[in-house]
Number of protein chains: 2
Amino acid sequence: MYKENNKTITAQALRRMPYYIQQLRILQSEKIETVSAPKIAERLNLNEVQVRKDFAAVSSTKGKPKAGFSISELLANMEELLGYHNSDEAIIVGAGSLAQAIISYEGFQNYGIKIVTAFDVNPQCIGTEINGIKVLTADKISDLCRRMKIHIGIITAPAHQAQVVCDQLVAGGVLAIWNFAPVHLSVPEHILVQNENLAASLAVLSKQLKQAMKKLN
Amino acid sequence: MYKENNKTITAQALRRMPYYIQQLRILQSEKIETVSAPKIAERLNLNEVQVRKDFAAVSSTKGKPKAGFSISELLANMEELLGYHNSDEAIIVGAGSLAQAIISYEGFQNYGIKIVTAFDVNPQCIGTEINGIKVLTADKISDLCRRMKIHIGIITAPAHQAQVVCDQLVAGGVLAIWNFAPVHLSVPEHILVQNENLAASLAVLSKQLKQAMKKLN
DNA sequence: TTTTTATCAGTATTATTATATCGATATTGT
DNA sequence: ACAATATCGATATAATAATACTGATAAAAA
């Protein structure tokens, strides 16, 4: 749970923000200026009250009965909240196809994160470029992080290398780690780890599907 | 929330299963036969009670005071739960680097999902292979899904194509969609959509980091 | 054999998140 | 100007998830 000008935004609400932004942008491109919570709720298949609360939690101004909220203000508030305008540099470790996908991910920089270098252990990759980002040898991780004061590390290395890489990042002074390896990472207390575990999502999907199929029979 | 032999597994517990499996496998490889909830909790930085409840929810046998749970049984139960042994076929739409990463993802089939074909609109990709999986032209999506009775579709296409692709999948009889495009998909009631939104995770990470940095100053 | 101890199962409590309800109010149409 | 209506904010309730507590018990130690 996070606070922004004495308002509280829940973790779940934060995860919904990108979807709101997407919808608001669409409306904005249609020259619409205000929108109500129920309208957005309908478009995103969410509960009306939930959307209104989320809007209230980020919006710097109040919504008006009947009219709703100002789209441009909501967008500005959400972008501010998500750190669109203050970019922080990041590095990525493991220069495989996942790294490539992440590097070329549209709207990455919008979230205040800019990938400056990639690392890999494979000598074949080293020296090459991915979307304009150089791939360096993995021994230099801590060194470069320290010199460039990098705060964010992204791990797309294979599971068996993830902990080693993680330790190097921490040694280099990295504060937040975005981990795509399907393993738990041990880190000191103060380090943030955000796990992006395909396996976990797959587990949920697979289970849900099993349920759904059972119903069909 | 899901039921398995009159036990209830929460969605959150399900997401933790892959982590448990990972740890249990490590212990098993060290020839250890039983493990207690607090031990696993410590390794994964989780609450002891949470782990015990999760174990109780999947385990076919009870844990023993002082000794804990049988590792091999827990593993068998978790694998069964996640559908390790009954594979369902899936297709992936959008044959870019993300698709490649997913296709080559280790242990994919473990979750009961096997990718049989990829699709793309780009004529350059069509006919090529990614890790042994053929890339076909996107017009054939519904047709192939229907003919092969595919139940799972994975969308790695760009945001602006996602809804079109989604509609084609639904038209082809797909029941569950794993969506990597950072947009909301409109689907009929009965279709399952699992969103894997990098933007949403990034939003959380970025916000957390901002908080953490504030503390440091 | 008795005591100690780690762990369990079950129940209670708390925290978080989602949804429902209701009176107040700005806008629209009569 | 007035009534109808969509939407708001606020408060209340419900659902879900996490954590704390307690007495019972199997295994290890004395």
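Sequence lines set the chain letters: A, B, ... in the order given, protein chains first and strands last, and positions in each chain run from 1.
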Tell me the interatomic distance from A:L14, atom CG, to C:dT16, atom C1', rounded to whole angstroms. 15 Å
How many Å lie between CG on A:L74 and P on D:dC8, as a whole number? 10 Å
Separation of D:dA20 P from B:E48 CD (nearest whole Å): 10 Å
B:R52 vs A:K39, nearer the 5' end of DNA chain D by closest nucleotide: A:K39
What's the CD-C1' distance between A:Q12 and D:dA18, to the nearest Å? 13 Å
Do B:L192 and B:I177 have side chains that get closer than 4.5 Å, going by heavy atoms? no
Using a 4.5 Å cut-off on heavy atoms from C-beta on, say whether the side chain of B:R16 contacts that of B:Q50. yes
Side chains of B:L27 and B:R43: does their closest heavy-atom pair fall under 4.5 Å? yes
Is any side-chain nitrogen or oxygen of A:S36 closer than 4.0 Å to OP1 or OP2 of D:dT7? yes
A:R15 atom CZ is separated from C:dT16 atom C1', nearest whole Å, by 15 Å
For the side chain of B:K62, starting at C-beta, report the closest nucleotide among C:dG10, D:dT7, D:dA10. C:dG10
Using a heavy-atom cut-off of 4.0 Å across all strands, would you classify B:R16 as base, sugar-phosphate, or nothing? sugar-phosphate
Whether B:D120 side chain and B:A95 backbone form a donor-acceptor pair below 3.5 Å: yes
Does B:T117 reach the main-chain N or O of B:I91 with its side chain, forming a donor-acceptor pair under 3.5 Å? no
Side chain of B:F69 (C-beta onward), nearest among D:dT19, C:dA9, D:dC8: C:dA9
Output all residues satisfying salt bridge (charged side-chain N to carboxylate O under 4.0 Å, His left out) with A:E79, sequence neighbours left out; order by chain, then residue number. A:R25
Please write out each protein N/O paired with an N/O of nucleotides 24-30 of chain D under 3.5 Å, distance rounded to 0.1 Å.
none

Given D:dA12, C:dT7, C:dG10, the nucleotide with the shortest approach to the side chain of A:K53: D:dA12
Applying ring pair (Phe, Tyr, Trp, His ring centres under 6.0 Å), name anything that partners A:Y84, two or more places apart in sequence or on another chain. A:Y111
Once you round it to whole Å, what is the distance between C1' of D:dC8 and CD of A:Q50? 17 Å
Whole angstroms only, please: what is the CG-P distance between B:N47 and C:dA12? 19 Å
Once you round it to whole Å, what is the distance between C1' of C:dT19 and CG of A:D54? 13 Å
Closest listed nucleotide, where the reference is the side chain of A:A37 and the choices are C:dC8, C:dA20, D:dC8: D:dC8
